[in-house]
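Have a look at the structure below before the remarks.
Index from 1, following the sequence. Just so we're clear, the structure is a prediction, and the values are computed from it rather than from any experiment.
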Amino acid sequence: MEIAKSEPLYAVPPGNPNEEMWDLTETGFHETKDDAEMDGQAETRVGKKLSNMTSRRVIVLTLIMLFCSSFFNAESWGQEFKSSGAIGADLIYERFRSWCPTSTPGVPWCLQAQPEENPTARWEQRMWYEQYLVEFVRSHLSSWMAAGLYWLGLKSETLLAFNGSETSTEFLGSLGRLNQARFLGTALEEDELWRWDAFNSFHPQGPIPQEVKKRLANVWREQCLGFFGVPVSPNSQTYTLSTACSVTDTLRCNEAFPSSGSVQCLKRGLLVDLLFAFDTRPVTQSAAGLNMLQTCFICMALAAGAISFARDAHALLLGPLERILVKLEAIRKNPLHAMKLGDIDYRMQEMEEEEEANRQGCCRKKKVANDLETLETAILERTLIKLGGLLALGFGEAGAEIIVHNMQGGATAELNAMVPGQEVEAVFGFCSIRNFTDATDVLKEKVMVFVNQVSEIVHGICDTYHGSPNKIIGGNSFLVVWRLRGKDVEVRSKIADMAVMSFVCITIEVQKSNILSAYRTHPGLQQRFPNFRVTLGFGLHCGWAIEGAIGSEYKIDASYLSPNVNVASQLEAASTQLQLWILMSSFMVKLCSKELIEYLRMVDHVMLEGSKKCLRLYTLDLDHTRIHVKPKLRGKKKAMSLLRAEVLGS
């Protein structure tokens, strides 16, 4: 088997046997460069358009997320308050340095255990320092601040190293407290101390709470992060133990924002350093809310992007494929439905063009070729409809079973046209063009046009009356079938009446046709047949037949095999001998309704070739010479007439 697969497989094409054989192996299949490029390398228009739309969606989604991400950042809403706290801390530290200069050599006087008496200038600088500190505390205790002041303190590594830890701890705790007589010259009254706070009581943030005032005026005992200070937040608990720290015990690391006034000079920080700890819990809560909003926004953006991507994929790829599968399933169940699908598609396209023309008005502009670019999915959909329609036209109703049998076997690609036949019961109508041999001799190559013109009338009217055109024999004879199996008596009678009336309408339409009337004045035909008219003969019979495929794996023909089909053909031939336009058998007449039988006339009682019983022959008398050619219509009248005929036909 491996050796057989490795050997090249050749096949002889139909037609000229001297042509080169086809190489059917994979290595020899692509003969040209264009064929090789078509092997999945070139990007399809559907893929190109889908990738372009997806790229645009991704770019837009990314830009939206980048532009909107800053709105969900807590620093975008609270950074200015942190800056105000840092600036205020620097100003307070500068005031402290004005009172106790740290740029002088040695230990500053304020850090000495027994400092010298303060001159008046130092009292004034101390007063300004305390006023700045009180104003800073008051302005940063308000609830509308993003980061409220929670704790403040000071430290001096130089003092701790010079005087010892215990002495320095008590001294630093007393150094920070407000309203001390040794630094201000005299202790101020409480009203005088907080007069600036009372003066600004009309401000929205209000005055400093009394509890905070007491803490600032007492010794700063809390020790936090190496600093000695006091909590200034009204919500904080006052700790009396020096080891207790309200900042680390109450606030988490991300909820406290420390700000120092001496970050610009390391040496100054070693001498004296101030620390301001801000409570950032409102900012943290806002950040948590913003993070939740950001998560929701990202989810919504991704959902919108996914919906947009899915809509594009459905519009360009999945939707057409679903429609193709639906139509393919309809064709698999009923191959004759493919012709209706083509008509429906064509009518919908006409309706869309008409609506577009009505919207744009009379001055309709032509679309650019790029706007009308046809995608592969649409081409595939229309190709499927056309292939189904061609199958229905080629095989007809007799070959529908063959198509269904092969299309339902989707597991393999094997084609099996040799399907066993099945017995059916139907009405068989045989129609033949009179004087066809002479017409062929006269018309020559134009005889094909002549036959197609007659076929259009015969097939169109038979289809209108629920008949199924089967095949054309010799170019001049048409076989039409009306199925009867599975129908009740009333429906059978109506089908028989429609078969008779379809032949009547064919005769009338042939005589009224403007196109076929042109052959009445044809010189060659008039020379052979004076007063020539296109006439047809008909034969009708009913009975059983075997429906199936006739032929081989190279060519098949879906048709009916039965003596009853031959009887219909003999009736048509007998109509020519009896100079009648139609002959019907007695079996056919029994199927017709009583109303129609009244118009029929028995002609003869004969024994046909191949028949075991005698048949009574009936006809319907018609004088086709009394039918006039319908006048030609032009312009709107023609369009309205065609539309009216189409509506009546449907």
* Pair V427-M588, side-chain contact (heavy atoms from CB on, under 4.5 Å): steps then yes or no -> CA-CA 8 Å; V427 174; M588 179 65 191; 3.6 Å; yes
* Taking atom NE2 of H459 and atom OG1 of T464, what is their separation to the nearest 0.5 Å? -> 12.5 Å
* Are the aromatic ring centres of Y519 and F532 under 6.0 angstrom apart? -> no
* For V500 and C592, run side-chain contact (heavy atoms from CB on, under 4.5 Å): C-alpha distance rounded to whole Å, both residues' side-chain angles, the deciding distance at 0.1 Å, then the answer. => CA-CA 9 Å; V500 177; C592 298; 4.1 Å; yes
* Asked: CD1 of I597: more than 12 outside heavy atoms within 6.0 angstrom?
  -> yes
* **Between CG on residue L583 and OH on residue Y618, distance to nearest 0.5 Å** => 12.5 Å
* Would a 4.5 Å heavy-atom cut-off, applied to side chains only, mark V504 and L622 as touching? -> yes
* Asked: Which pair of non-hydrogen atoms, one from L596 and one from D497, has the smallest distance, and what is that distance?
  -> CD2-OD1, 3.2 Å
* Side chains of T507 and W581: does their closest heavy-atom pair fall under 4.5 Å? -> yes
* **Donor-acceptor contact below 3.5 Å, side chain S513 vs main chain I515** => yes
* **Short N-O contact, R528 and D441, less than 4.0 angstrom** => yes
* Structure fact -> Hits for side chain to side chain donor-acceptor pair (under 3.5 Å) against D623, two or more places apart or cross-chain, chain-then-number order -> T625, R626
* Asked: A499 and S502: which non-hydrogen atoms are nearest, and at how many Å?
  -> O-OG, 2.6 Å
* To do: Count the heavy atoms belonging to other residues, nucleotides or ligands that lie under 6.0 Å from CD of E423, then report whether that count exceeds 12.
  => yes
* Asked: Quick one: CE on M498 to NE2 on H466, what's the gap to the nearest 0.5 Å?
  -> 5.0 Å
* Side-chain heavy-atom pair F450, I433 within 4.5 angstrom cut-off -> yes
* Asked: Atom CD of Q453 and atom CG of L516: how far apart are they, to the nearest 0.5 Å?
  -> 5.5 Å
* **Closest approach of M584 to V589 (non-hydrogen atoms, all atoms of both residues)** => CB-CG2, 4.4 Å
* To do: Take S432 and I473 through the test side-chain contact (heavy atoms from CB on, under 4.5 Å) and record every step on the way to the result.
  => CA-CA 9 Å; S432 180; I473 304 172; over 6 Å; no
* Asked: Has R485 got more than 12 heavy atoms of other residues, nucleotides or ligands less than 6.0 Å from its CZ?
  -> yes
* Structure fact -> What one should report as the nearest heavy-atom pair of A496 and L591 is CB-CB, 3.7 Å
* Flag the pair V565 / V567 as yes when at least one side-chain heavy-atom distance between them is below 4.5 Å, and no otherwise. => no
* Asked: Any side-chain heavy-atom pair from V458 and V454 closer than 4.5 angstrom?
  -> yes
* To do: Go through S308 and R57 one step at a time and tell me if the side-chain hydrogen bond (donor to acceptor under 3.5 Å, both in side chains) criterion holds.
  => CA-CA 8 Å; S308 179; R57 297 284 193 277; 2.3 Å; yes
Return all side-chain donor-acceptor pairs below 3.5 angstrom for residues 533-544, not counting sequence neighbours, or 'none' if the list is empty.
unit_1	atom_1	unit_2	atom_2	d
R533	NH1	Q511	OE1	3.3
R533	NH1	H624	O	3.2
H541	ND1	S585	OG	2.6
H541	NE2	N564	OD1	3.2

* What do the steps show when you test F428 against W482 for side-chain contact (heavy atoms from CB on, under 4.5 Å), and what is the final call? -> CA-CA 7 Å; F428 302 101; W482 286 265; over 6 Å; no
* Looking only at atom types and distance, does a side-chain atom of T619 sit under 3.5 Å from a main-chain N or O of I582, one as donor and one as acceptor? -> yes
* Quick one: does H522's side chain get under 4.5 Å of Q526's, heavy atoms only? -> no
* Answer yes or no: is there a donor N or O on one side and an acceptor on the other, between the side chain of N435 and the main chain of D438, under 3.5 Å? => no
* To do: Indicate yes or no: at least one non-hydrogen side-chain atom of F436 is less than 4.5 angstrom from one of V451.
  => yes
* Asked: Are V629 and K512 side-chain neighbours, meaning at least one heavy-atom pair lies under 4.5 Å?
  -> no
* **salt bridge (charged side-chain N to carboxylate O under 4.0 Å, His left out) partners of residues 573-598, not counting sequence neighbours, each pair once** => none
* Atom pair OG/NZ of S517 and K630 - distance to nearest 0.5 Å -> 10.0 Å
* **Exercise: identify the closest heavy-atom pair between S477 and F430** => CB-CE2, 3.6 Å
* Structure fact -> Which of K494, K487, R492 passes side-chain contact (heavy atoms from CB on, under 4.5 Å) with E490? It is K494
* Asked: Could you state the interatomic distance from SG (C614) to CG (D604), rounded to the nearest 0.5 Å?
  -> 10.0 Å
* Structure fact -> Closest non-hydrogen atoms of I472 and S455, given as atom of the first, atom of the second and distance, are CD1-OG, 4.0 Å
